[in-house]
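Taking it in order: structure first as structure tokens, then the write-up.
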Amino acid sequence: RIRIGYLSGDLHTHAVGLLVPELLELHDRERFEVWAFDWTPESATPQRQRLLAAIDQHVRLAGVDDLTAARLIAQSGIDVLVDLQGLTNGARPAILGHRAAPVQVSYLGLPGTSAVPGVDWMLADRFVMPPELLPYCTEKPIYLPHCYQVSDRQREVAPKPERSKYGLPDDAFVFCSFNNNHKFTPEMFGSWMRILAAVPGSLLWLLADNDTCRSNLLAAAQAAGVAPERLVFAPRVSPAEYLARFQLADLMLDTFPFNAGTTASDALWMGLPIVTRAGRTYISRMAGSLLHAVGLPDLVTHDLADYEKLAITIGQQPMRAASYRRYLTEHGRSSPLFDLPRLVRDIEAEFEKLALAARGA
């Protein structure tokens, strides 16, 4: 069997840890053996336990230096090592620099090039990594036919709440952005304020990350001539409640140049359409990739003016937003975006070719 090793410190309730359970669970055990080399803090949380249960061989690297970790991976006979962290918080890129496996692939954790020596490949699709982007990447693309991003169809969802629970009026058009606040740029927030001004009675529903950010956003809204009460802040809640409340919004406004990733998957899974702006980098094309795979490419824009115009048009025509929601409810979960068995087979086919070529088979 071909041995796939997943390298990560985020195999728990983290954006990456929330996306990969079915990838690990659906691997064909007759052809592949699934290993995890991780330094995730141990916990008894259901998400952590589910991830561990999906792994055939688990090797803890907490407290193990990078060279020793690379040797452990090499001694385990790993054919394809998948780095789920890149250069994000807590990453250990030196393990890859020691060439721990003959084929080393970047995936999910860092949606973009890392320039880490030893990382040969990156899982992608032709939307997030178009040919014109390749000269600026140190990794070669492994192109998947539909969408680069795996997701989890087993996500637990709480019962749909009432709008009143979150301070939302029943008759308002609700734009939302549940991306982390640090993805908000002055340019995009200014655009959101112009969208609100053009859609009378609309609201913008945001994640309340911290009091300082909240104060700054309210001040910026006021400076743009938007009444503070048109911004509504949602507290952090359990993952199941977080998913359920996507059903209360009418349209999600994506961030730029750092698109939604896991959050976009969550929104589309729950039937909420997204207007996104796609740029020239992998990370600024993530939501566009998801929208193409789910069957809504017309919600992808390529500059600020078109992004704004489309969001305003949908906000002024609530029936259009309802039509997108109906489409997602009826067809979204059966689209290629959420066909996890097929996506895992596509990934396996590529990994098998690379592993056999490295073995000289």
Side-chain angles (χ1 to χ4, degrees), residues 127 160-164 166-179 184 187-207 217 221 224-234 243-256 259-260 263-279 285-335 337:
F127 186 86
K160 181 180 177 179
E162 297 293 329
R163 274 191 168 187
S164 57
Y166 292 104
L168 301 169
D170 288 334
D171 58 349
F173 189 95
V174 177
F175 295 102
C176 81
S177 178
F178 289 154
N179 285 341
F184 299 176
E187 179 189 52
M188 290 310 293
F189 192 77
S191 174
W192 295 348
M193 295 304 97
R194 291 190 293 275
I195 292 166
L196 284 182
V199 182
S202 62
L203 301 175
L204 179 58
W205 196 19
L206 303 170
L207 189 64
L217 293 175
V226 173
E229 56 268 22
R230 296 184 68 187
L231 269 58
V232 180
F233 293 89
L243 285 172
R245 70 185 180 194
F246 276 107
Q247 300 169 91
L248 304 182
D250 295 297
L251 183 67
M252 177 170 159
L253 299 176
D254 196 16
T255 46
F256 182 91
N259 279 181
T263 310
S265 174
D266 290 337
L268 293 171
W269 179 252
M270 296 308 301
L272 179 64
I274 304 165
V275 168
T276 190
R277 176 185 171 192
R285 300 176 69 82
M286 294 191 298
S289 170
L290 272 63
L291 284 164
H292 275 84
V294 85
L296 292 175
D298 54 318
L299 293 179
V300 182
T301 66
H302 297 275
D303 60 49
L304 189 64
D306 285 346
Y307 171 94
E308 233 169 270
K309 182 181 176 183
L310 181 58
I312 290 168
T313 300
I314 296 171
Q316 291 175 342
Q317 301 171 11
M319 294 307 293
R320 184 168 168 180
S323 175
Y324 288 128
R325 292 211 63 135
R326 187 165 56 252
Y327 168 81
L328 287 171
T329 300
E330 293 174 1
H331 305 290
R333 293 188 180 188
S334 59
S335 70
L337 177 60

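Considering only heavy atoms from C-beta on, Ser202 stays 4.5 Å or farther from Ile195 through its side chain. By the 4.5 Å heavy-atom criterion applied to side chains, Leu231 and Leu196 are counted as neighbours. Taking 4.5 Å as the limit, some side-chain heavy atom of Thr255 sits within range of a side-chain heavy atom of Trp192. With contacts defined as side-chain heavy-atom distances shorter than 4.5 Å, the pair Leu253/Tyr307 qualifies. Between Val226 and Met193 there is a side-chain heavy-atom pair separated by less than 4.5 Å. A heavy-atom distance below 4.5 Å is found between the side chains of Leu304 and Met188. Arg285 is not listed as a side-chain neighbour of Arg277, based on a closest heavy-atom distance of 4.5 Å or more. Side-chain atoms of Leu168 and Val232, non-hydrogen and from C-beta on, do get closer than 4.5 Å to each other.
Contact detail for Ile312 and Val199: the closest heavy-atom pair is O-CG2, 3.9 Å. Smallest separation of non-hydrogen atoms from Gln316 and Ala198: NE2-O, 2.9 Å. Across all their heavy atoms, Ala287 and Thr276 have their closest contact at CB-OG1, 3.5 Å. For the residue pair Ala267 and Met252, the shortest heavy atom distance occurs at CB-SD, 3.7 Å. Asn259 and Asn179 get closest at one heavy-atom pair: C-ND2, 4.5 Å. Contact record, Pro318 with Phe173: CA-CE1, 4.1 Å, taken as the closest heavy-atom pair.
To the nearest 0.5 Å, the span separating CZ on Arg320 from CG on Leu310 amounts to 5.5 Å. Separation of atoms OG1 (Thr301) and CZ (Phe256) is listed at 9.0 Å; rounding is to 0.5 Å. Once rounded to the nearest 0.5 Å, the distance linking OG1 of Thr263 with CG of Leu272 reads 11.5 Å. Atoms CZ and CD, on Arg325 and Gln247 in that order, are 7.0 Å from each other to the nearest 0.5 Å. The SG atom of Cys176 lies 8.5 Å from the CG atom of Leu206; values are rounded to the nearest 0.5 Å. A distance of 9.0 Å separates CG of Leu251 from OH of Tyr324, quoted to the nearest 0.5 Å.
The aromatic rings of Phe178 and Trp205 lie perpendicular to each other, with more than 60° between the two planes, well past the 30° mark. Taking the six-membered ring for Trp and thresholds of 30 and 60 degrees, Phe184 and Phe189 have nearly parallel ring planes, at less than 30 degrees apart.
Side chain of Arg163 to main chain of Ala172: a donor-acceptor pair is present (N/O by atom type, distance under 3.5 Å, no hydrogens or angles). Not one N or O on the side chain of Asp266 forms a donor-acceptor pair closer than 3.5 Å with the backbone of Leu243. For Arg230 (side chain) and Leu204 (main-chain N/O), no donor-acceptor pair under 3.5 Å exists by modelled atom type.
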Exercise for review: Start with the C-alpha distance between Val300 and Asp298, add both sets of side-chain angles, then the distance that settles side chain to side chain contact (heavy atoms under 4.5 Å, CB included), and finish with yes or no.
Suggested key: CA-CA 5 Å; Val300 182; Asp298 54 318; over 6 Å; no

**Study point:** Full working for side chain to side chain contact (heavy atoms under 4.5 Å, CB included) between Leu299 and Ile274
**Key:** CA-CA 7 Å; Leu299 293 179; Ile274 304 165; 5.7 Å; no

Exercise for review: Applying side chain to side chain contact (heavy atoms under 4.5 Å, CB included), run through Asp250 and Ile314 and close with a yes or a no.
Suggested key: CA-CA 9 Å; Asp250 295 297; Ile314 296 171; over 6 Å; no

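Within 6.0 Å of CD in Glu162 there are 12 or fewer heavy atoms belonging to other residues, nucleotides or ligands.
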